[in-house]
Amino acid sequence: MYDAIILAGGENNEPLVHYTSQPYEAMIDISGKPMVEFVARALAACPQISRIFVAGPPEELAKCSFPEQTVIVAGGRTIMDTISLGMKALEHERLTLVVTADIPLLTPAAIEDFLAQCAGVQADLYYPIVARSDHERRFPGNQRTYARLREGTFTGGNIFLVNPRIVPHCMEVAERIFANRKNPFKLCCQLGWTFVVKFVLGILKLNQVEKRAGEILGIQGAVIRSQYAELGIDVDKPSDLELVRNCFSQGC
């Protein structure tokens with residue numbers, strides 16, 4: 001069993017403020033409900049998930065209808081602050097699932113598959129990627145940020161499994177990595193110029209990324225290949241919001 005933390009403290013970014021009156025992304029209306037509720041429900045429907053901590057603005061989150069195993073905790077100024085506060089609320093150092101609040105298409109099946117794959121690997125941090133072919137098959141026309149590697153072209157997921165013990169000592173590096181998560185070139189710059197060259201040539205390997213990122217953070221990391229494109233659909237621009245709302249209205 002795993003506890004889960006939903007990161008729900010982010011304010012609306014500039015492209016979305018013209019499409020919703022909600023100040024927080026987590027509270028954006030999707031089919032009559034704040035989208036963070038859909039994330040919480042997907043987690044609650046997964047047999048491997050125990051408690052669900054929602055970290056963000058308590059007064060806003062108190063208006064939501066969450067599953068009974070949900071605990072609301074105050075978020076921080078930045079996403080890394082919010083992660084830290086969520087980890088403190090756990091009061092344990094067992095592997096914990098961290099999920100962003102802006103992926104309302106998340107499904108129990110996607111979560112279960114990710115956790116099942118993680119169980120077969122020994123690591124401190126597990127991060128999912130989705131092949132471009134799988135993403136475009138599920139959501140044709142949706143624009144994502146992709147990285148071309150030797151094994152194929154991939155986009156990143158919006159969940160990760162982490163050992164809370166590693167969070168304090170790798171916060172600074174992790175914050176820089178997270179800030180550049182949608183810019184593959186800047187990520188490679190953090191990994192070293194050899195990686196930049198290999199990335200540009202499309203010959204960088206997944207295991208090389210795993211190893212180098214682990215060295216920088218001082219941890220053992222693992223990249224998990226998922227076939228579930230729902231992990232990559234985060235609502236951070238108007239076209240994403242339209243896609244998600246259409247999916248719910250059409251029952252897809």
Side-chain angles (χ1 to χ4, degrees), residues 39 42 46 95 97-100 102-162 170 173-174 176-217 219-237 239-240 243-244 246-247 252:
V39 178
C46 181
L95 287 173
L97 189 67
V98 179
V99 185
T100 61
D102 60 352
I103 51 172
L105 297 180
L106 182 67
T107 64
I111 301 168
E112 291 176 34
D113 175 76
F114 175 64
L115 292 176
Q117 291 196 64
C118 292
V121 183
Q122 186 68 36
D124 298 305
L125 176 67
Y126 305 79
Y127 179 72
I129 59 172
V130 179
R132 182 171 188 166
S133 56
D134 288 332
H135 185 90
E136 293 184 342
R137 185 181 306 111
R138 178 71 175 88
F139 300 107
N142 179 247
Q143 296 183 347
R144 309 311 307 168
T145 299
Y146 292 102
R148 183 169 62 97
L149 303 174
R150 174 168 286 186
E151 294 89 344
T153 302
F154 302 93
T155 189
N158 293 278
I159 71 176
F160 59 92
L161 187 66
V162 62
C170 63
V173 176
R176 291 201 304 270
I177 291 175
F178 188 86
N180 293 323
R181 69 193 185 282
K182 294 183 181 295
N183 191 319
F185 183 79
K186 286 188 177 180
L187 281 176
C188 284
C189 288
Q190 289 181 244
L191 295 173
W193 283 103
T194 299
F195 278 74
V196 173
V197 174
K198 289 183 177 180
F199 173 74
V200 170
L201 296 176
I203 60 174
L204 189 63
K205 297 180 180 178
L206 282 172
N207 63 356
Q208 292 173 324
V209 176
E210 280 183 340
K211 182 179 179 181
R212 183 59 179 146
E215 290 172 350
I216 292 174
L217 291 170
I219 63 170
Q220 179 65 47
V223 175
I224 305 296
R225 294 178 63 168
S226 173
Q227 63 178 330
Y228 289 91
E230 292 85 355
L231 298 180
I233 297 291
D234 54 335
V235 179
D236 61 2
K237 55 184 182 292
S239 60
D240 298 327
L243 168 66
V244 169
N246 287 339
C247 281
C252 63

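Hydrogens, waters and symmetry mates are skipped; everything else that's a heavy atom, side chains included, is used.
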To check you understand the geometry: which heavy-atom pair defines the closest contact between [X] and [Y], and what is its length?
X    : Y    : value
A110 : L106 : CB-CD1, 4.5 Å
L105 : C247 : CD2-CB, 3.9 Å
Y127 : I159 : CD1-O, 3.9 Å
Y126 : V121 : OH-O, 2.7 Å
V39  : T100 : CG1-O, 3.9 Å
L204 : L149 : O-CB, 3.3 Å

Just list the side-chain donor-acceptor pairs under 3.5 Å for residues 220-228, sequence neighbours left out, or say none.
from, atom 1, to, atom 2, distance (Å)
S226, OG, Y228, N, 3.0

- Pick one: which of K198, K211, E151 meets side chain to side chain contact (heavy atoms under 4.5 Å, CB included) with K205?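 When side chain to side chain contact (heavy atoms under 4.5 Å, CB included) is applied between K205 and each of K198, K211, E151, only E151 qualifies.
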Within this structure, what is the [atom1]-[atom2] distance for the pair [X] and [Y], rounded to the nearest 0.5 Å?
X    : Y    : atom1 : atom2 : result
E210 : L125 : CD    : CG    : 10.0 Å
C46  : L115 : SG    : CG    : 5.5 Å
I233 : F139 : CD1   : CZ    : 5.0 Å
Q122 : D124 : CD    : CG    : 8.0 Å

Please list, chain by chain and in numerical order, all residues satisfying side chain to side chain donor-acceptor pair (under 3.5 Å) with [X], sequence neighbours excluded.
X    : result
N142 : H135, R144, D240
Q117 : D113
Q208 : none
D134 : R137

- Task: Give the intermediate values and the outcome of side-chain contact (heavy atoms from CB on, under 4.5 Å) for residues E230 and R138.
- Result: CA-CA 8 Å; E230 292 85 355; R138 178 71 175 88; 3.0 Å; yes
- Given the rule in the side-chain contact (heavy atoms from CB on, under 4.5 Å) test, do L206 and I129 qualify, once you have shown the distances and angles that lead to the verdict? CA-CA 10 Å; L206 282 172; I129 59 172; 3.6 Å; yes
- Query: Looking at residues at least two apart in the chain, or sitting in another chain, which of them share a salt bridge (charged side-chain N to carboxylate O under 4.0 Å, His left out) with E112?
  - Reply: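 Applying salt bridge (charged side-chain N to carboxylate O under 4.0 Å, His left out) to E112 gives none.
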